[in-house]
Amino acid sequence: MRFSNRNVRDLRWARDASERAENSAATTFHPVSSSLTCSAMASASTEQSVTDTAATLISKRNSTSVVWNYFGFKKEDAAQLQVLCRACRAPVATSRGNTTNLFQHLKKYHRSMYDSCMTKMPSTSAPDRPNTSRQGSLTEMFESVTPYERNSKRHGEITRAITEFIAKDMMPLSTVTKPGFVALTYTLDKRYNIPSRTYFSQTAIPELYKKCKEKVAAEVKTVEFFASTTDMWSSRTAEPYQSLTVHFIDEDFNLRARCLQTTYFPDDHTGENIAAGLREGLASWDLHEENHVCITTDNASNMVLAARLNEWTRLQCFGHRLHLAIENALKDDRVSRATALCRKLVGHFFHSWKKKAALMEAQRELKLPEHNLITECPTRWGSKEMMIARVLEQAKAISQVLSGDRYARSLIPTWQDIDVLESIHKALHPLLEFTDALSGEEYVSISYLKPVLHLFATSVLAEDAEDTDLTKSIKTKVLAYLNNKYGDPNIQELLDVACFLDPRFKIQYISTDNIPAIKTRLKTEMVDLAQRTYHREKRSRTETVQMPQSAQPLGEKAKRSLGSFFKTSAASPSLPVEDVAEAELNNYLMTPTIDGEDDPLAWWRVHKISYPQLCIMARKYLCVPATSAPSERLFSTGGNIVTCTRSSLKPAKVNILVFLAKNL
């Protein structure tokens, strides 16, 4: 008779059960006092059984759970269908891959083995660990996988964040279609479906620009006085643009800088066209020219003409002026030869990776700083000074590397070249930090110009006994050039006023002969401003207080309060405005100056109550930037937007993206 596997398993189970029943019956006749002895014998029998069966049972193939160390299969069970306990040889019914019954068998019949197994188990895979997590409802399960509605709040928040990320960080619109970015957004929120590139280009970016423009417009609408910078530049695609930035100090004495526009300028860059473009730019933002204090530009003739045609006060960019002064001072044959040698030397190392590696090895041997050589930028005098300083620093390493190369040996600087470079370095190095310090947008800079020019004349560019003839010549030429260009009376008066209104300097750097004129100018402006303010407030009160006859209740007479009898006399100033202005100026000059590291705007924020008219003059003149760096920074922003992979951007889109990048 042939038996199936199921019948064989049933017969074996019945036989084992019968044997266990007989053993159980036999133990019932033992006395109670011998229970411990029997338990010990059972334990020894179990251990012996485990030892015997371990050699006969084979382990489960491809098992990962530690519980399979206590179970196995007979050798002849090639399919591994019947699981046997290694301790008691009892079969355990379990489906393929399921270990729940195995744990339960150990827990019920072999507690010590179960405890040992649980200590080897990872804490997260214990089958009897209480499940503290709540099973979600069907609604929650569907919500966790259902995409957000396009008009939902959460979808709008994420979309706005992505739009601001693209605009602020100047990222291409194709970013939203990149697999990595799509995977990132899916990982952060699986319910969010990112909109298409077209949506960001035609809807999201324009909407963000509209909101940002409205915010900037509301901000500049309340500005009482403002300054500006402008410049012309061409993009990578040779399209010309005109940039315009405004700078002002708000009522809380915070210095603000805003990019108004980066407009496409296809007309000829003549002074007339530039002047017209600037007027249109201010008019489009409802900024009145009578509130325009000063415009800072470079020294191009068309910019000078444009400011003159508009009758605007113009301040020449200190950075450009210092660059021209240094270039003029370095017009010397010895300087030309030494700097040309430096450029060739730097180019030689930049075009050979072997020479770069050899230079680094020489730097380690000579214990020199492991610095790379610096390339000169023709439009930045500071890069020339840094190139010379780096060549002087690495002169020994350069000589060691090139001395073994007969073709490049001629690039080694001679002692005459080293003397020239050291003379240039000594004259220019102290000037390097002034350009960067005066190019900031977040702090007052115009009031520094007068003290800086004084510092140049008395310390930085003053001749020293140890200076070489070349160093003395460079210092003298730079100082003479700056004094000549800033000698214009109108510019001097503007710088004196700004210095006067800075509580760090006041009249310290102003000529004694010019102090009365500065006080007279400020007094006149304060009086005019006070009178305009008084008449404007009086007219506003009259329009507000007077009630139309039709609005008054019939048959009811309005009662006057006691304070209304004194309102007229209180509205008029108790002292002449001239005396008030004079008193503010004198009191201001009597207060001690603050530390040079302190913020002048913070001082005015605290003392504006004591100087109600003079603080407005401070807001008027201290907002002027000393350089045109804000407009030049727009060039860099535009260059980061109009890249070689985004060269098809239209001028209108460039204006939007530059505006958002600077104003968000």
Side chains of W312 and E289, donor plus acceptor under 3.5 Å: yes
Listed partners of Q508 passing side chain to side chain donor-acceptor pair (under 3.5 Å), at least two apart: none
Spacing of R314 atom CZ and T296 atom OG1 [to the nearest 0.5 Å]: 9.0 Å
Modelled atom types, side-chain donor and acceptor of N586 and K519, under 3.5 Å: yes
Parallel, tilted or perpendicular: rings of W603 and H607 (30°, 60°): parallel
Side-chain H-bond candidate by donor/acceptor type, D502 with S447, under 3.5 Å: yes
Within-4.5 Å side-chain heavy-atom neighbours: E632 and H320: yes
K450: salt bridge (charged side-chain N to carboxylate O under 4.0 Å, His left out) partners, not counting sequence neighbours: D496
Donor on one side chain, acceptor on other, N640 and T637, under 3.5 Å: no
Interatomic distance, L373 atom CG to R343 atom CZ [nearest 0.5 angstrom]: 14.5 Å
Check: I274 and Q242 side chains under 4.5 Å, non-hydrogen atoms: yes
D333 CG: over 12 foreign heavy atoms closer than 6.0 Å: no
SB check K523 E578 (cutoff 4.0 Å): no
Nearest-0.5 Å distance, CG of residue L657 to OG1 of residue T262: 10.0 Å
Pairs involving residues 415-424, ordered by first then second residue, that meet side-chain hydrogen bond (donor to acceptor under 3.5 Å, both in side chains) (sequence neighbours left out): R337-D417, T414-Q416, T414-D417, S423-T468
Modelled atom types, side-chain donor and acceptor of E239 and Y241, under 3.5 Å: yes
Distance-only polar pair, side chains of R321 and N299, donor-acceptor under 3.5 Å: yes
H247 side chain to E441 side chain, donor-acceptor N/O pair below 3.5 angstrom: no
Partner set under side chain to side chain donor-acceptor pair (under 3.5 Å) for W285, not counting sequence neighbours: none
Atom CD of E290 with >12 non-hydrogen neighbours under 6.0 angstrom: yes
Student check: side-chain heavy atoms of L501 and K506 closer than 4.5 Å: no
Distance-only polar pair, side chains of T643 and R236, donor-acceptor under 3.5 Å: no
Passing candidate, side-chain contact (heavy atoms from CB on, under 4.5 Å) with V497, options M617, R521, E525: R521
Salt-bridge present (E224, K620; N to O < 4.0 Å): no
Donor-acceptor under 3.5 Å (S336 side chain, D332 main chain): yes
Any pair counted as salt bridge (charged side-chain N to carboxylate O under 4.0 Å, His left out), so long as it reaches residues 268-285, sequence neighbours left out: none
Test item: side-chain donor near acceptor, T245 and T229, under 3.5 Å: yes
Ring-ring centroid check F226 H292, cutoff 6.0 Å: yes
Distance in Å, H425 NE2 paired with I418 CD1, rounded so as to fall on 0.5 Å steps: 12.0 Å
Side chains of N254 and R605, donor plus acceptor under 3.5 Å: yes
Residue pair L453 / Y509, side-chain heavy-atom distance below 4.5 Å: no
Within residues 456-497 or reaching into it, pairs that qualify as ring-ring contact (aromatic ring centres under 6.0 Å, His included) - sequence neighbours excluded: F434-F456
Side-chain ion pair, R256 and D250, N-O less than 4.0 Å: yes
is_close_aromatic(W604, Y588), centroid dist under 6.0 Å: yes
